[in-house]
Amino acid sequence: MVSLLRKLVPPSEYRKFLGAVVVIAANAGGAWTPIGDVTTTMLWIHGQITTLQTMKGLFVPSAISLVVPLALMSLTSEVNGKGGDTPNMLASEQMAPRGQLVFSVGIGALVFVPVFKAVTGLPPFMGMLLGLGMLWILTDAIHYGESGRQKLKVPQALSRIDTQGILFFLGILLSVSSLEAAGILRELANYLDAHISSSELIASAIGVVSAVIDNVPLVAATMGMYDLTSYPQDSEFWQLIAFCAGTGGSMLIIGSAAGVAFMGMEKVDFFWYLRKVSGFAFAGYTAGIVAYLALQNLHIPLPDTLAKIHFLSGS
């Protein structure tokens, strides 16, 4: 992917387009696994979806929502043929062996969370804390006695956590819970049901709104509007919510945490992303929804070998 962008994109905008692709890929990748995005994690913890059904149903649509923008970028006349030889900026930034070890253990700890939940019955955050403890011990061990590498240890990493962002999400979730307790969300759900008969359209609209409003409060509000009596576990509605809320944030640079971080790191202008990336992201979003609905209508059965993996379904 990196080499393709170097050939297609003008050198002056290579980093911007690369960052935009990373934003789309991050949102698409997080949509199909319950540990990849906050919204799918919320739906998984509260029982709206199970790990196996989500991974089975959303992997292909999520992949399509990434492939379609990349394909359109390669075909558009604006970037095609204008690339040049750019320096290999990543060649001198190869990860050290110890860094690769820490990275691998971190990814393994995330993948281990569903297994931990199924085996112990404890909530997923306990598995995350266990993984954090493992990383803490590992980083202390490999950097023991190296005073110049204290910043690479877990305590230093924790000191750089965005506490304001955490409090922001906490406040949003408390506000959504208040609206749910007051019955306002249920009234909104009744209004949508009365005026929009299709659950697919409701989920798609929520995804479009997530391009402007953060997907965490949107999904939290949706969970307050509809419960498992309205839509049972692993229904098309909840899977579409996970997909649409995750990938819909790619349509605008302010629609996801990855986009906001990219905007700050590379000083990317909102209107640059709107003009040169949003259309591609919207096409991928639409193609992903079409692919999901098509796969559901085909009624592809789950292979017996996967059906026997009980821990993935959270049972």
(message) Within the supplied structure, the quantity of interest is the number of heavy atoms (other residues, nucleotides, ligands) at a distance under 6.0 Å from F270 CZ; does it exceed 12?
(response) yes
(request) Answer whether the closest heavy-atom distance between the side chains of I253 and W272 falls below 4.5 Å. (result) no
(request) Specify the closest pair of heavy atoms between C244 and I289, including all atoms of both residues, with the distance to one decimal. (result) SG-CD1, 3.8 Å
(request) Go through the steps to decide whether L240 and I206 satisfy the test side chain to side chain contact (heavy atoms under 4.5 Å, CB included), and finish with yes or no. (result) CA-CA 10 Å; L240 264 181; I206 290 174; over 6 Å; no
(message) Is there a side-chain contact between Q239 and Q48 in this structure, where contact means two heavy atoms from C-beta onward sitting under 4.5 Å apart?
(response) no
(request) Answer yes or no: are there more than 12 heavy-atom neighbours, outside F59 itself, under 6.0 Å from its atom CZ? (result) no
(request) Take atom CZ of F237 as the centre, draw a 6.0 Å sphere, and report whether it contains more than 12 heavy atoms from other residues, nucleotides or ligands. (result) yes
(request) Output the distance between atom CG (L130) and atom OG1 (T120), rounded to the nearest 0.5 Å. (result) 9.0 Å
(request) Scan side-chain atoms only and decide if W136 and D140 contain a donor-acceptor pair under the 3.5 Å cut-off. (result) yes
(message) Working to the nearest 0.5 angstrom, can you tell me the gap between T139 OG1 and L101 CG?
(response) 10.5 Å
(message) Please tell me whether F243 and Y292 form a close aromatic pair, meaning their ring centres lie under 6.0 Å apart.
(response) no
(request) Please assess I49 against Q233 for the test side chain to side chain contact (heavy atoms under 4.5 Å, CB included), listing each intermediate value before the final yes or no. (result) CA-CA 6 Å; I49 59 175; Q233 187 181 59; 5.9 Å; no
(request) Could you tell me whether the side chains of N27 and S250 share a donor-acceptor contact shorter than 3.5 Å? (result) yes
(request) Please name the pair of heavy atoms, one in V21 and one in M73, separated by the smallest distance, quoted to 0.1 Å. (result) CG2-SD, 4.0 Å
(message) Is there a side-chain contact between W238 and M223 in this structure, where contact means two heavy atoms from C-beta onward sitting under 4.5 Å apart?
(response) yes
(message) Taking G249's backbone N and O only, do any of them form a donor-acceptor pair with Y285's side chain (distance below 3.5 Å, no angle check)?
(response) no
